[in-house]
Q: 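Got a structure here, written out as structure tokens. Questions coming.
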Amino acid sequence: MLFDEAEAIATFHPEEAGIMLDRLATELVHADAKNPRAVSVLQEEAQQLLACVSDWLATRPDADEPINVAPQNVLSVEPLALAETLRGLAETLLLLAELAEADSDEVVW
Amino acid sequence: MADIAEDTEERIRNLLRKYMPERSVRALLDQVRESTGTDHRDLQPTNMSAFFVALEKHAVTRLDRRARALLHGELEFELATSISGVVAVAASADHSMNIRSEWDVSVARARSRELMNALGAKSYEVVKVMTLVSELARNIVRYTSGGEIVLTAIQDPKSLIVRARDQGPGIPNLNDVLSGRYRSTTGLGKGLIGVRRLATSFTIHTDTSGTHIEAEVRL
């Protein structure tokens, strides 16, 4: 298991997670085109990171609307579609991080 | 260890079957056993690295140039994802990898994971380093003709230092890149900024003779 859930939530930072998801998305795109053996490893990493993100999002007291994190079974998702999902979520997390930096009174981590 | 050996044995066989018929796979494994004294069914952390080296050496005589390059990448990946981390950590604190191809990015990523696990890093820290290493390795493959990633494990206090070196054309718009004004066409533009954000310390030197980046993640 790559992630210990409680530990991951405790150390979670949205900007860092956004960067990680964006990088995973890029690696998935490359692996899909040139290195298929690496795809399953990346899918597994994505599933675990997404679970961590999902749990963290659920702890946000200011979450007015649910954020759709990922399909239930990441391992069965086509790599390019998964990369798109990861990148979309990365954008959301980076935006949340920017908002938090801009006004820490309105967004509570 | 038995599970690791059995799993690796099967993966080695499946890998080789893509390049040659079953009869040749058996002959090759016999040949490697005779030259190394190691049977592929009895692989341990202490003998696996030498086994893979011998396997590639004997396999290349049976393959054309393109297949050799592909097999080399696959064996590197297999070694890195099997137990190379265990072997490497036991052998030395410095781990140097040539970075030229798609495979090398995967190998660097896998090896950084093994090293961080061996250091006792938390899972979140492991992913930080994997992200950082794959970004630096990917940049070398994309923008230069090749380079090197060196991972240095520090035991006290625990940290991992990642050094990326290349002899490429340098980064002409470094200030734009590090200030966020440059937007990558392949991602969210967080490349080197992301590396700097994830690292505990980060230094970069770039000019027309190449780029040298050092990033440290403290546990």
Side-chain angles (χ1 to χ4, degrees), chain A residues 1-42 44-53 55-56 80 83-84 86-95 97-98 101, chain B residues 11 14-15 18 70-71 73-78 80-82 101-110 112-113 116-117 121-139 141-142 180 184-200 217 219:
Chain A
M1 187 72 180
L2 194 60
F3 280 98
D4 173 86
E5 193 176 311
E7 172 223 313
I9 298 291
T11 53
F12 191 92
H13 189 285
E15 185 183 6
E16 290 182 352
I19 292 166
M20 293 175 192
L21 287 168
D22 182 39
R23 170 82 348 228
L24 260 181
T26 300
E27 292 305 324
L28 264 170
V29 171
H30 282 283
D32 183 61
K34 299 176 183 172
N35 190 3
R37 285 196 72 212
V39 167
S40 59
V41 176
L42 294 168
E44 192 174 326
E45 288 174 18
Q47 187 165 42
Q48 292 171 1
L49 187 51
L50 285 170
C52 168
V53 172
D55 289 341
W56 174 78
L80 293 182
E84 199 173 325
L86 296 180
R87 192 150 282 149
L89 187 58
E91 279 188 277
T92 303
L93 289 170
L94 292 171
L95 185 62
E98 277 181 31
E101 196 174 331
Chain B
R11 288 207 304 270
N14 288 336
L15 190 157
K18 292 193 292 182
L70 286 171
L71 179 65
E74 292 223 55
L75 288 175
E76 281 278 311
F77 185 73
E78 185 62 45
T81 53
S82 299
S101 70
E102 194 65 30
W103 282 110
D104 297 333
V105 179
S106 295
V107 169
R109 194 179 162 89
S112 68
R113 179 184 59 217
M116 286 295 279
N117 283 334
K122 293 175 182 171
S123 52
Y124 201 71
E125 295 164 331
V126 175
V127 181
K128 261 190 196 181
V129 168
M130 288 168 67
T131 302
L132 192 151
V133 166
S134 60
E135 173 68 38
L136 296 177
R138 174 71 56 201
N139 283 349
V141 171
R142 185 170 182 208
S184 163
T185 56
T186 57
L188 299 179
K190 286 288 180 183
L192 277 183
I193 300 179
V195 171
R196 188 173 61 179
R197 174 68 181 81
L198 296 177
T200 313
V217 175
L219 276 61

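Residue numbering restarts at 1 for every chain, and letters A, B, ... go by the order of the sequence lines.
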Q: Crowded around E102(B) CD? As in, over 12 foreign heavy atoms under 6.0 Å?
A: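 Check passes, neighbour count above 12.
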Q: Roughly how far, to the nearest 0.5 Å, is OH of Y124(B) from NE2 of H13(A)?
A: 8.0 Å
Q: Which distance, rounded to the nearest 0.5 Å, do you find between the CD of E27(A) and the CZ of R109(B)?
A: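 Reported to 0.5 Å precision, the distance equals 5.5 Å.
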Q: Can E15(A) and R197(B) be counted as an ion pair, charged N to O under 4.0 angstrom?
A: yes
Q: When you look at L198(B) and R23(A), which way does the side-chain contact (heavy atoms from CB on, under 4.5 Å) test go after all the steps?
A: CA-CA 12 Å; L198(B) 296 177; R23(A) 170 82 348 228; over 6 Å; no
Q: With a 4.5 angstrom heavy-atom cut-off, is it the side chain or the backbone of V105(B) that approaches chain A, or both, or neither?
A: side chain
Q: Could you measure the distance from the CZ atom of R196(B) to the CD1 atom of I19(A)? Nearest 0.5 Å is fine.
A: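 Rounded to the nearest 0.5 Å, the CZ-CD1 separation comes out at 10.5 Å.
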Q: If you apply the rule side-chain contact (heavy atoms from CB on, under 4.5 Å), what do you find for R113(B) with E45(A), and how did you get there?
A: CA-CA 11 Å; R113(B) 179 184 59 217; E45(A) 288 174 18; 3.5 Å; yes
Q: Under the salt bridge (Lys or Arg N to Asp or Glu O under 4.0 Å) test, which residues partner K18(B), sequence neighbours left out?
A: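 K18(B) satisfies salt bridge (Lys or Arg N to Asp or Glu O under 4.0 Å) with E74(B) once adjacent residues are dropped.
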Q: Give, for atom CG of D22(A) and atom CD of E135(B), the distance between the pair rounded to the nearest 0.5 Å.
A: 8.5 Å
Q: Side chain, backbone, both or neither: which part of A83(A) has an atom under 4.5 Å from a heavy atom of chain B?
A: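 No part of it gets close to chain B.
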Q: Rounded at 0.5 Å granularity, tell me how far OG in S106(B) sits from NE2 in H30(A).
A: 10.5 Å
Q: Below 4.5 Å from any heavy atom of chain B, which atoms of A38(A) appear? Answer side chain, backbone, both or neither.
A: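 Looking at A38(A), backbone and side chain both touch chain B.
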